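Predicted model only: the values in this text are computed from it and were never measured.
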Amino acid sequence: MDELTTLGFDDSDGFDIALRRRGRREDPEAIVELIVNGMFAMDTADASSEVALADIVPNDATSVLVGGLGLGFTAGALLDRLPHCRVTVVELSGALITWARASLVDTLTRVADDPRATLVHADVKDVLRDATHSWDAILLDVDNGPSFLVHDHNAPLYEPDLLSSAIARLSPGGLLAVWCERASAPLDARLRELSSDVGTVTVRVNRDGHHIDYAIHTARA
């Protein structure tokens, strides 16, 4: 697992993004990492919290907006579980979408090859502000949450104006879910100002002998 291979690198969208594989390609235990601005974002070793984000979407959802492609686990889990659902994935990195379509990583390819999935190169903040239609669920996993940002320009996503825009783009009873690397009391409070049905899902992950409690903050329209 010591061999490190860069599968792709790009800085054309104003930030660095890289795909790296730890281990040989033929090794079933090889791990793919996503690195953003030199910081670890996620890998294929444990995607339980990304899958949990998809799992909280109701079974009758037919349209879901996913903010952040990542390594494709959230969108892929939605497509696997909900056969009649159309999934729109908004991703800030055009290179990551290109890599998905180039079949560099199986989990990304799974999303790119599904006709029910649409990959959009855009800032999800702009989509939430400008969209004229609604979704049954909106899942946001574009950063680590308000307490530990990779991209400073994502800070408005966790503020009342953008959260209000997100809830306004939901179908009646629709679900907004925001992935965070830890529970955020300020985010919870802002959501409670906008919705009477707010909650937090905790996903405990064990990484290298350490327990990490990721949080998914939710609110319903």
Enquirer: Quick check: does any side chain N or O of R86 sit under 3.5 Å from a backbone N or O of S63, one acting as donor and the other as acceptor?
Expert: no

Enquirer: Any side-chain heavy atom of D141 within less than 4.5 Å of one from V66?
Expert: no

Enquirer: Just how far is it from atom CG of D27 to atom CD of E3, taken to the nearest 0.5 Å?
Expert: 9.5 Å

Enquirer: Among R24, R22, R20, R21, which residue satisfies the side-chain contact (heavy atoms from CB on, under 4.5 Å) criterion with T5?
Expert: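 It is R21, the one option of R24, R22, R20, R21 that forms the side-chain contact (heavy atoms from CB on, under 4.5 Å) with T5.
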
Enquirer: Applying the side-chain contact (heavy atoms from CB on, under 4.5 Å) criterion to L140, which one of L162, L65, L157 satisfies it?
Expert: L157

Enquirer: side-chain contact (heavy atoms from CB on, under 4.5 Å) between H217 and Y158: does it pass, once the steps are laid out?
Expert: CA-CA 11 Å; H217 290 275; Y158 307 101; over 6 Å; no

Enquirer: What's the shortest heavy-atom distance between S103 and T109, and which atoms?
Expert: CA-OG1, 3.0 Å

Enquirer: Do the non-hydrogen side-chain atoms of V90 and D126 ever get within less than 4.5 Å of each other?
Expert: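 Of all side-chain heavy-atom pairs linking D126 with V90, none is under 4.5 Å.
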
Enquirer: Working to the nearest 0.5 angstrom, can you tell me the gap between T202 OG1 and I212 CD1?
Expert: 13.5 Å

Enquirer: Measuring from atom CE of M42 to atom CD of E181, what distance do you get when rounded to the nearest 0.5 angstrom?
Expert: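 These two atoms lie 14.5 Å from each other.
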
Enquirer: Given the rule that I, L, V, M, F, W and Y join up when any side-chain heavy atoms are under 4.5 Å apart, are V178 and V127 in one cluster?
Expert: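 Yes: a chain of side-chain contacts under 4.5 Å links V178 to V127.
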
Enquirer: Is it the case that atom NE2 in H84 sees more than 12 heavy atoms from other parts of the structure closer than 6.0 Å?
Expert: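 Not more than 12 within 6.0 Å, no.
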
Enquirer: Side-chain contact test, heavy atoms from C-beta onward, threshold under 4.5 Å: evaluate it for L176 versus L191 and give yes or no.
Expert: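 With C-beta onward as the side chain, the pair touches.
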
Enquirer: Please round to the nearest 0.5 Å and tell me the distance separating atom CG of N59 and atom CZ of R81.
Expert: 5.0 Å

Enquirer: Hey, are the side chains of L82 and R116 touching, using non-hydrogen atoms and a 4.5 Å cut-off?
Expert: no

Enquirer: Linking I/L/V/M/F/W/Y whenever their side-chain heavy atoms sit closer than 4.5 Å, directly or via other members, would V89 and V36 fall into one cluster?
Expert: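 Per the 4.5 Å side-chain linkage, V89 and V36 are co-clustered.
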
Enquirer: With a 3.5 Å distance limit and no angle check, can you tell me whether R204 reaches the backbone of N206 through a side-chain donor-acceptor pair?
Expert: no

Enquirer: So how far is it from L104 CG to L7 CG, rounded to the nearest 0.5 Å?
Expert: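 That separation rounds to 6.0 Å.
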
Enquirer: Heavy atoms only: give me the nearest A18-F9 pair and the separation to one decimal.
Expert: CB-CD1, 3.9 Å

Enquirer: So do the side chains of E50 and L71 get within less than 4.5 Å of each other, counting heavy atoms only?
Expert: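 Heavy-atom side-chain distance check fails, nothing below 4.5 Å.
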
Enquirer: Return yes if some donor-acceptor pair links the side-chain N/O of R169 with the main-chain N/O of R129 below 3.5 Å, else return no.
Expert: yes

Enquirer: For residues V201 and L53: do they belong to one hydrophobic cluster (side chain heavy atoms under 4.5 Å, members Ile, Leu, Val, Met, Phe, Trp, Tyr)?
Expert: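 V201 and L53: one cluster.
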
Enquirer: Just verifying a value: how many Å separate I35 CD1 and I17 CD1, rounded to the nearest 0.5 Å?
Expert: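 Interatomic distance, I35 CD1 to I17 CD1, rounded to 0.5 Å: 10.0 Å.
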
Enquirer: Please evaluate residues W179 and T74 with respect to the criterion side-chain contact (heavy atoms from CB on, under 4.5 Å), reporting the C-alpha separation (whole Å), side-chain torsions for both, the decisive distance (0.1 Å), and the verdict.
Expert: CA-CA 11 Å; W179 186 97; T74 299; over 6 Å; no

Enquirer: Is there a continuous path of hydrophobic side-chain contacts, each under 4.5 Å between heavy atoms, that joins L19 to V142?
Expert: no

Enquirer: Can you tell me if CG on D161 sees more than 12 non-hydrogen neighbours from other groups inside 6.0 Å?
Expert: no

Enquirer: Ignoring hydrogens, what is the shortest heavy-atom contact between A166 and I138? Give both atom names and the distance.
Expert: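 So the two residues come closest at O-CD1, 3.3 Å.
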
Enquirer: Considering only heavy atoms from C-beta outward, does the side chain of L163 approach that of E193 to under 4.5 Å?
Expert: no

Enquirer: Has D106 got more than 12 heavy atoms of other residues, nucleotides or ligands less than 6.0 Å from its CG?
Expert: no

Enquirer: Looking only at heavy atoms, what is the nearest atom pair of V87 and A75, with distance?
Expert: CG1-CB, 4.3 Å

Enquirer: Mind checking whether I56 and V203 sit in one hydrophobic cluster, side chains of I, L, V, M, F, W, Y counted as touching below 4.5 Å?
Expert: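 Yes.
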
Enquirer: I would like to know whether C180 and L187 meet side-chain contact (heavy atoms from CB on, under 4.5 Å); could you show each step before the answer?
Expert: CA-CA 10 Å; C180 297; L187 176 58; 3.7 Å; yes

Enquirer: Do the side chains of F40 and L34 get nearer than 4.5 Å, heavy atoms only?
Expert: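 No. Closest side-chain heavy atoms not under 4.5 Å.
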
Enquirer: To check you understand the geometry: which heavy-atom pair defines the closest contact between A219 and L170, and what is its length?
Expert: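 What the structure gives for the nearest pair is O-CD1, 4.5 Å.
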
Enquirer: Does any N or O in the side chain of D13 come within less than 3.5 Å of the main-chain N or O of F15, such that one atom is a donor and the other an acceptor?
Expert: no

Enquirer: Measure the shortest side-chain to side-chain distance between E91 and L119 over non-hydrogen atoms and say whether it is less than 4.5 angstrom.
Expert: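 No, their side chains stay 4.5 Å or more apart.
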
Enquirer: Is there a donor-acceptor pair under 3.5 Å between the side chain of N37 and the backbone N or O of D16?
Expert: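 Answer holds: yes.
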
Enquirer: State, to 0.1 Å, how close L175 and P58 come at their nearest heavy-atom pair, and which atoms those are.
Expert: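 For L175 and P58, the tightest heavy-atom pair comes out as CD2-CD, 4.4 Å.
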
Enquirer: Closer than 4.0 angstrom, basic N to acidic O: yes or no for R110 and D114?
Expert: yes

Enquirer: Look only at the side chain of T107 and the backbone of F73, and say whether a donor-acceptor pair between them is shorter than 3.5 Å.
Expert: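 Not a single qualifying donor-acceptor pair exists.
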
Enquirer: Using only atom types and a distance under 3.5 Å, with no angle test, would you say the side chain of H121 pairs donor to acceptor with the backbone of S93?
Expert: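 Checking the backbone N and O of S93 against the side chain of H121, no donor-acceptor pair under 3.5 Å is found.
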
Enquirer: Could you go through L108 and V32, starting from their C-alpha distance and side-chain angles, then the distance that decides it, and tell me whether this counts as side-chain contact (heavy atoms from CB on, under 4.5 Å)?
Expert: CA-CA 11 Å; L108 287 171; V32 175; over 6 Å; no

Enquirer: Any side-chain to backbone donor/acceptor pair from D123 onto K125? Under 3.5 Å, distance only.
Expert: yes

